[in-house]
Enquirer: 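Starting off with a structure, shown below.
Predicted model, so just to flag it, every value in this text is computed and none were measured.
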Amino acid sequence: MEHRIVGPGPYRATRLWNETVELFRARMPLRKHRCRFKSYEHCFTAAEAVDWLHELLRCSQNFGPEVTRKQTVQLLKKFLKNHVIEDIKGKWGQEDFEDNRHLYRFPPSSPLKPYPKKPPYQKDVIKFPEWNDPLPGTSQENIPVRPVVMNSEMWYKRHSIAIGEVPACRLVHRRQLTEAHVEEIWKSMTLSYLQKILGLDSLEEIIDIKLVNSKFIIHNVYSVSKQGVVILDDKSKELPHWVLSAMKCLANWPNCSDLKQPMYLGFEKDVFKTIADYYGHLKEPLLTFHLFDAFVSVLGLLQKEKMAVEAFQICCLLLPPENRRKLQLLMRMMARICLNKEMPPLCDGFGTRTLMVQTFSRCILCSKDEVDLDELLAARLVTFLMDNYEEILKVPLALQTSIEERVAHLRRVQFQKSYPEVYRERFPTPESEALLFPEKPKPKPQLLMWALKKPFQPFQRTRSFRM
C-alpha cells in the first residue's frame, strides 16, 4: 500500500484527493457479505473500510502517522457524499457514514475532482525600476523647451545631429531609492526565494502576489524581541490578557507565578478549554485563507526537511504581524505542554500530543472554500510545526543578508550617480589608488649566515663517543 508522494505545486490538495481515491478504489479488499438473509458480492463493511484506509493514510508520507481513526471516518463521509462509495442499495450524497457493519460498495465509475479554476494572478515578481526609466506621466515629447532663435551656429548644430555627427542629448530621469522601493525589493526577493525553493516556474497558482504586503515582511524581520517573538505596534491587536495568562499558566505548569485564583481538581482542563475556545472562534486561521495553497504546497517538501523548514520560514514571514505573534505563542505553549511530564492528562480519550494537534490544527490552517482533505493536511502541518517551530519561526538569515546587501548596493549606486566626485574620493578604485600611492620597491631579504651552512645532519655515533 504505497502512496505516491505528491510534491509542491498548484492544486496539491486536489491532486492528493484524486491520488487517495484511486488507491482506495484499486486496492480496497472486496468480498462476499451477508445481510438480512441476503448475499452481496464485491462489497465491504464500514469498519473494514475504516481499518484499511486508516492504515493507508498512516503509512503515507503525504499524511503521516498522526492521522486518527476519527479523521479517517470523516474522510469516508466525504467519500460517500462525493459518490466515491455508495451503500449496498445505491444510496449516496449524505455524510451519514458510521464506523459499523453497514455494507458499502464502489459505483461503476468514480469521477475524480477537476482542478479548480482560479483568476489569473500576476505572474512576474515586481522588479526594482531601472535608474533611467522615465517617471510616470512624463515623456521626451512633453518636456518644456524655450523657443530658440535660429542662426548659423544653431543651424549647424542641428544639421550635425541630423546627419549623425553629434549624438543627440537625451534627458535621463534619475531614480531615488525611496522607502517604497526598499519595500518592493523585500517583497520581490522574498517571493523569488520561495519560488526557487519550491522549484516552480511561477507562484501564480498558489499565491496572489498583489495581496502580499511588504510592510508585514519588514516588520516580522526587525520588530522582534530577544526571544524572536514579534512585537506589535498596535497593542489593540494583542492577545487578550486573560488568554495570555492562561497560556503562561499551562506553559509553565505547575509553576504558575502570576496565578491569583486557587487551583482545584481539573483546573488545568478548564484553562486549556478556555484557550481552545478563543483560538477556535477566530474569524480567520492564523496562516490566513490567502496563504492556504502556499502552505499546502510546502507540505510536499516534508521528505526534504531542511528545504521544508526554509520554505515555511519564508511563508511565515508573509503573515500579518499579529497572526505571526499568536502563532509563535501558541506553538511555544503546545510544545512545552507536550514535553511537560508533570502535566496531568488534559483529555481521557487522547494523548497530549494528539490532543494538541486535533484541537488547534483547524485554527492554524483552514481553507476558505470547502477542501476535502484540509483536516488531514492541517494535522500534518501542525505536527511538523510542533517538531520544528523554533527553526521555522526564526527569520531566515540568508534571505535577510541577501536583501540587505542588495539595498546597500543600490544606495551606493545612487550615491555614486548623485555625487561622482565625492564617491571617487571615499571609494577609490584600484587604478586611482595606484596613482596616489605608487607601490614602493620591496627591500631584498638579507642574506643570513646560517643559510650558507649545510642543512642539519642527524647525529651519528663515532668511536670517540664514550658511554
Enquirer: Rounded to the nearest 0.5 Å, how far apart are OG of S60 and CD of E19?
Expert: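 Here the rounded value is 8.5 Å.
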Enquirer: Any idea how Y104 and F97 line up, ring-wise: parallel (<30°), tilted (30 to 60°), or perpendicular (>60°)?
Expert: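 Geometry flag for F97 against Y104: tilted rings.
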Enquirer: Can a donor-acceptor pair be found, under 3.5 Å and without considering hydrogens, that links the side chain of E284 to the backbone of F289?
Expert: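 It does hold such a pair.
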Enquirer: Measure across R25 and V84 and return the closest heavy-atom pair with its distance rounded to 0.1 Å.
Expert: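 Closest approach of R25 to V84, heavy atoms only: NH1-O, 4.0 Å.
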Enquirer: Hey, what do you get for CD (E179) to OG (S214), rounding to the nearest 0.5 Å?
Expert: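 It comes to 9.0 Å.
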Enquirer: Could you walk me through whether R332 and E390 pass salt bridge (Lys or Arg N to Asp or Glu O under 4.0 Å), step by step?
Expert: CA-CA 8 Å; R332 179 177 295 184; E390 291 184 348; over 6 Å; no
Enquirer: Quick check: do I197 and L301 have side-chain heavy atoms less than 4.5 Å from each other?
Expert: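 Side-chain contact under 4.5 Å: yes.
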Enquirer: Between T359 and L355 (side chain of the first, backbone of the second, donor and acceptor by atom type, cut-off under 3.5 Å), is there such a pair?
Expert: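 Confirmed, T359 side chain pairs with L355 backbone.
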Enquirer: Kindly indicate, with the supporting measurements, whether the criterion side chain to side chain contact (heavy atoms under 4.5 Å, CB included) is fulfilled by E183 and N213.
Expert: CA-CA 9 Å; E183 292 176 358; N213 193 327; over 6 Å; no
Enquirer: Test your reading of the model: is there a side-chain donor-acceptor pair from S188 to the backbone of E184, 3.5 Å cut-off?
Expert: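 The answer is no, because no donor-acceptor pair under 3.5 Å joins these two groups.
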Enquirer: If you count every heavy atom of other residues, nucleotides or ligands that lies below 6.0 Å from K77 atom NZ, does the total exceed 12?
Expert: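 Yes, because the 6.0 Å sphere around NZ of K77 holds more than 12 heavy atoms from other groups.
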Enquirer: Do other residues, nucleotides or ligands put more than 12 heavy atoms under 6.0 Å from the NZ atom of K269?
Expert: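 Atom NZ in K269 is crowded, with more than 12 foreign heavy atoms closer than 6.0 Å.
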Enquirer: Does R324 reach the main-chain N or O of L393 with its side chain, forming a donor-acceptor pair under 3.5 Å?
Expert: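 Side chain of R324 to backbone of L393: a pair is present.
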Enquirer: May I ask you to decide whether D374 forms a salt bridge with K368, counting only side-chain N to carboxylate O separations under 4.0 Å?
Expert: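 Salt bridge: no.
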Enquirer: Report the distance from atom CD1 of I207 to atom CD of Q195, rounding to the nearest 0.5 Å.
Expert: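 Taking CD1 in I207 and CD in Q195, the distance rounds to 11.0 Å.
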Enquirer: Below 30° counts as parallel, above 60° as perpendicular, anything between as tilted: where do the rings of Y278 and W242 land?
Expert: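 Plane angle over 60°, so perpendicular.
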Enquirer: Report yes if some heavy atom in the side chain of K81 is under 4.5 Å from a heavy atom in the side chain of Q94; otherwise report no.
Expert: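 K81 does not reach Q94 side chain to side chain.
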Enquirer: Run the ring-centre check on F292 versus H290 and record whether the distance is less than 6.0 Å.
Expert: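 Ring centres of H290 and F292 not closer than 6.0 Å.
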Enquirer: Between I185 and L410, is a side chain to side chain contact (heavy atoms under 4.5 Å, CB included) present by the stated rule, with each step listed?
Expert: CA-CA 10 Å; I185 293 172; L410 290 176; 3.3 Å; yes
Enquirer: Give a yes or no on whether the backbone of L319 and the side-chain of N323 come within a donor-acceptor separation of less than 3.5 Å.
Expert: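 Flag not set: sc N323 to bb L319 has no pair under 3.5 Å.
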Enquirer: CG/L286 to NZ/K326 distance, rounded to the nearest 0.5 angstrom?
Expert: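 Separation between the atoms: 7.0 Å.
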Enquirer: Looking at A308 and L302, what are the two nearest heavy atoms and their distance?
Expert: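 Residues A308 and L302, closest heavy atoms: CB-CD2, 4.0 Å.
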Enquirer: Of the non-hydrogen atoms in L80 and K91, which two are nearest, and what is the gap between them?
Expert: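 Nearest pair, atom of L80 first, then K91: CD1-O, 3.9 Å.
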Enquirer: Between R69 and D51, does any NZ, NE, NH1 or NH2 come within less than 4.0 Å of an OD or OE carboxylate oxygen?
Expert: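 Salt bridge present between D51 and R69.
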Enquirer: Is there a side-chain contact between W92 and N82, using heavy atoms and a 4.5 Å cut-off?
Expert: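 A side-chain contact is absent here, since even the closest heavy-atom pair is not under 4.5 Å.
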Enquirer: Assess whether salt bridge (Lys or Arg N to Asp or Glu O under 4.0 Å) is satisfied between E66 and R58, documenting all intermediate values.
Expert: CA-CA 7 Å; E66 301 292 337; R58 283 174 53 85; over 6 Å; no
Enquirer: Does the side chain of L198 come within less than 4.5 Å of I206's, by heavy atoms?
Expert: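 With C-beta onward as the side chain, the pair touches.
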Enquirer: So do D87 and R105 actually touch side chain to side chain, heavy atoms under 4.5 Å?
Expert: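 R105 does not reach D87 side chain to side chain.
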Enquirer: Do the side chains of F63 and L56 get nearer than 4.5 Å, heavy atoms only?
Expert: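 No - every pair of side-chain heavy atoms lies 4.5 Å or more apart.
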Enquirer: List the steps, then state whether side chain to side chain contact (heavy atoms under 4.5 Å, CB included) holds for I337 with R353.
Expert: CA-CA 8 Å; I337 291 177; R353 180 181 174 88; over 6 Å; no
Enquirer: Go through it in stages, so that I can follow the logic: the residues are Y279 and F272, the test is ring-ring contact (aromatic ring centres under 6.0 Å, His included), and I'd like the CA-CA distance, side-chain angles, deciding distance and then a yes or no.
Expert: CA-CA 11 Å; Y279 277 93; F272 179 76; over 10 Å; no
Enquirer: Cut-off 3.5 Å, side chains only: do Q227 and Q328 have a donor facing an acceptor?
Expert: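 Side-chain D/A pair, Q227 to Q328: absent.
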Enquirer: Using a 3.5 Å distance criterion without hydrogens, assess whether the side chain of S297 forms a donor-acceptor pair with backbone atoms of D293.
Expert: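 Between the backbone of D293 and the side chain of S297 there is no qualifying donor-acceptor contact (under 3.5 Å).
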Enquirer: Under the 3.5 angstrom rule, does the side chain of N220 hit a backbone N or O of L318 as a donor-acceptor pair?
Expert: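 Here the side-chain-to-backbone pair does not exist.
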Enquirer: Are there more than 12 heavy atoms of other residues, nucleotides or ligands under 6.0 Å from atom CG of D201?
Expert: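 Counting other residues, nucleotides and ligands, CG of D201 stays at 12 neighbours or fewer.
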Enquirer: Using 30° and 60° as the class limits, which term best fits the ring planes of F24 and W52: parallel, tilted or perpendicular?
Expert: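 Because their plane-to-plane angle lies in the 30° to 60° range, the rings of F24 and W52 count as tilted.
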Enquirer: Out of Q358, H54, E375, which residue meets the side chain to side chain donor-acceptor pair (under 3.5 Å) rule with Q71?
Expert: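 Exactly one option meets the side chain to side chain donor-acceptor pair (under 3.5 Å) with Q71, and it is Q358.
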Enquirer: Is it the case that more than 12 heavy atoms not belonging to K235 sit under 6.0 Å from its NZ atom?
Expert: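 Check passes, neighbour count above 12.
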Enquirer: In Å and rounded to the nearest 0.5 Å, what is the CG to CD distance from L194 to Q313?
Expert: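 Between L194 CG and Q313 CD, I get 11.5 Å after rounding to 0.5 Å.
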Enquirer: Answer yes or no: is there a donor N or O on one side and an acceptor on the other, between the side chain of D234 and the main chain of S236, under 3.5 Å?
Expert: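 Between the backbone of S236 and the side chain of D234 there is a qualifying donor-acceptor contact (under 3.5 Å).
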Enquirer: Are the side chains of M247 and L239 in contact, using a 4.5 Å heavy-atom criterion?
Expert: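 Counting from C-beta outward, L239 and M247 do come under 4.5 Å.
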Enquirer: Using salt bridge (Lys or Arg N to Asp or Glu O under 4.0 Å), reason through K70 and D99 one step at a time and then give a plain yes or no.
Expert: CA-CA 9 Å; K70 181 180 178 181; D99 190 356; over 6 Å; no
Enquirer: Flag the pair Y193 / W186 as yes when their ring centroid distance falls below 6.0 Å, and as no otherwise.
Expert: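 No, the ring of Y193 stays outside the 6.0 Å limit from the ring of W186, centre to centre.
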Enquirer: Between N388 (side chain only) and F384 (backbone N and O only), is there a donor and an acceptor less than 3.5 Å apart?
Expert: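 Between the backbone of F384 and the side chain of N388 there is a qualifying donor-acceptor contact (under 3.5 Å).
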Enquirer: To check you understand the geometry: which heavy-atom pair defines the closest contact between N62 and R12, and what is its length?
Expert: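 Result for this residue pair: OD1-NH2, 3.5 Å.
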Enquirer: Any idea which heavy atoms bring A378 and S361 closest together, and the distance?
Expert: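 Here A378 and S361 meet closest at CB-O, 3.6 Å.
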Enquirer: Could you tell me whether the side chain of E48 reaches within less than 4.5 Å of the side chain of T45, counting heavy atoms only?
Expert: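 Answer yes - side chains close enough.
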Enquirer: Determine, step by step, whether R325 and E322 satisfy the salt bridge (Lys or Arg N to Asp or Glu O under 4.0 Å) criterion, reporting the C-alpha distance in whole Å, the side-chain angles of both residues, the deciding distance to 0.1 Å, and the verdict.
Expert: CA-CA 5 Å; R325 177 176 172 81; E322 58 271 17; over 6 Å; no
Enquirer: Between F312 and F295, what is the ring plane arrangement, given parallel below 30°, perpendicular above 60°, and tilted in between?
Expert: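 Aromatic pair F312/F295 classed parallel.
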Enquirer: Check the pair T190 / I403 against side chain to side chain contact (heavy atoms under 4.5 Å, CB included), numbers first and verdict last.
Expert: CA-CA 8 Å; T190 301; I403 296 177; 3.9 Å; yes
Enquirer: Report yes or no: does H409 contribute a side-chain atom to a donor-acceptor pair with the main-chain N or O of E404 at less than 3.5 Å?
Expert: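 Judged by distance alone, no pair lies under 3.5 Å.
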Enquirer: In Å and rounded to the nearest 0.5 Å, what is the CE to NZ distance from M307 to K196?
Expert: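 Rounded to the nearest 0.5 Å, the CE-NZ separation comes out at 10.0 Å.
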Enquirer: Please name the pair of heavy atoms, one in V212 and one in I217, separated by the smallest distance, quoted to 0.1 Å.
Expert: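 Shortest heavy-atom separation between V212 and I217 comes out as CG1-CD1, 4.3 Å.
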